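What follows is a single structure, written as structure tokens, with notes after it.
Being a predicted model, the structure only gives us computed values, none of them experimental. Heads up: numbering here begins at 1 and tracks the sequence.
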Amino acid sequence: MASAKESENASSSPSSPKNVYKDPDDGRQRFLLELEFVQCLANPTYIHYLAQNRYFEDEAFIGYLKYLQYWQRPEYIKFIMYPHCLYFLELLQNANFRNAMAHPANKELAHRQQFFFWKNYRNNRLKFILPKPPPEPVSAPAPAPPPPAALPPQPSMPANTIAMTTAPPAPASAVSPMPYGFTSGSSIAKNDMRNSGIDRRKRKHERS
């Protein structure tokens, strides 16, 4: 009898609900709605809109943001197309960030930093992906060249031999540009105008 009463009391207690809500499509619709909302958090303008409309002052909404952290798990993160949403979702767990995003200047700052990340993401990623070139080996200093060998002493030569070897050859006799038909060294005297004038005066004097 006691066991029958205990079973009746347990069945009537509120801790064991009879009707449990089940999604009609096995949670597909809820999955898509939460995925869409989480990815909207990648936009700083949307976060600014939520802060302006005081959504962050609702404790139920803060609990909902904490519940959405399951999207960081590996089995769910593969469906995320905008990974910045997970970064902002982590920041929204902080009350200071939620209050700061209500100011337009902070919204513009977050949007500007996000743009710079997109602009330089490829170059920054390649720094860690591409292999770094190996360091160049330090070459040893080149050895100093050996001193030049001393030349053996040359044998001394006599002075006349040196003079004969160093004297320039005698130049060949130049040919006269106006040949007179006489060979070089001829004894025939050439006609001199001064001598012919003297002979003419002598002959004239002898005739008179």
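Across all non-hydrogen atoms, the minimal contact from F88 to A42 is CE1-O, 3.8 Å. The minimum heavy-atom distance between R98 and L92, with the atom names listed, is NH1-O, 2.7 Å. For M101 against P44, the heavy-atom pair with the smallest separation is CE-O, 3.7 Å. Closest non-hydrogen pair, E90 versus Q69, comes out as OE1-NE2, 3.4 Å.
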Next on the checklist: salt bridge (Lys or Arg N to Asp or Glu O under 4.0 Å), that's the test. Do R30 and E34 meet it? Break it down for me.
Outcome noted: CA-CA 6 Å; R30 183 168 64 91; E34 292 179 356; 3.4 Å; yes
Checklist entry - Given Y67 and Y70, is the ring pair (Phe, Tyr, Trp, His ring centres under 6.0 Å) satisfied, shown in steps? => result CA-CA 7 Å; Y67 155 78; Y70 75 87; 5.2 Å; yes
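Under a cut-off of 6.0 angstrom, the local environment of CZ in F97 is crowded, with over 12 non-hydrogen atoms contributed by other residues, nucleotides or ligands. Within a 6.0 Å radius of OH in Y87, no more than 12 heavy atoms belonging to other residues, nucleotides or ligands are found. In this structure, Y49 places its OH atom where only 12 or fewer heavy-atom neighbours from other residues, nucleotides or ligands lie under 6.0 Å away. Within a 6.0 Å sphere centred on CD of E36, heavy atoms belonging to other residues, nucleotides or ligands number 12 at most.
The line from NZ of K107 to CG of N43 is 9.0 Å long, rounded to the nearest 0.5 Å. With rounding to the nearest 0.5 angstrom, the CG atom of L50 is 11.0 Å from the OG1 atom of T45. Atom CD of Q72 is separated from atom CG of L89 by 6.0 Å, given to the nearest 0.5 angstrom. Rounding to the nearest 0.5 Å places CG of N96 at 11.5 Å from CG of L91. Here CD of Q29 is found 5.0 Å from CG of L33. Values are rounded to the nearest 0.5 Å.
Under the 4.5 Å side-chain heavy-atom criterion for Ile, Leu, Val, Met, Phe, Trp and Tyr, L109 and I47 are members of distinct hydrophobic clusters. The hydrophobic clustering, which links ILVMFWY residues whose side-chain heavy atoms are closer than 4.5 Å, places F117 and Y82 apart.
Aromatic ring pairs are classed by plane angle as parallel below 30°, tilted from 30° to 60° and perpendicular above 60°; the pair F37 and Y64 is tilted.
The shortest distance between side-chain heavy atoms of I80 and W71 falls below 4.5 Å. The shortest side-chain heavy-atom distance between L65 and Q93 falls under the 4.5 Å cut-off.
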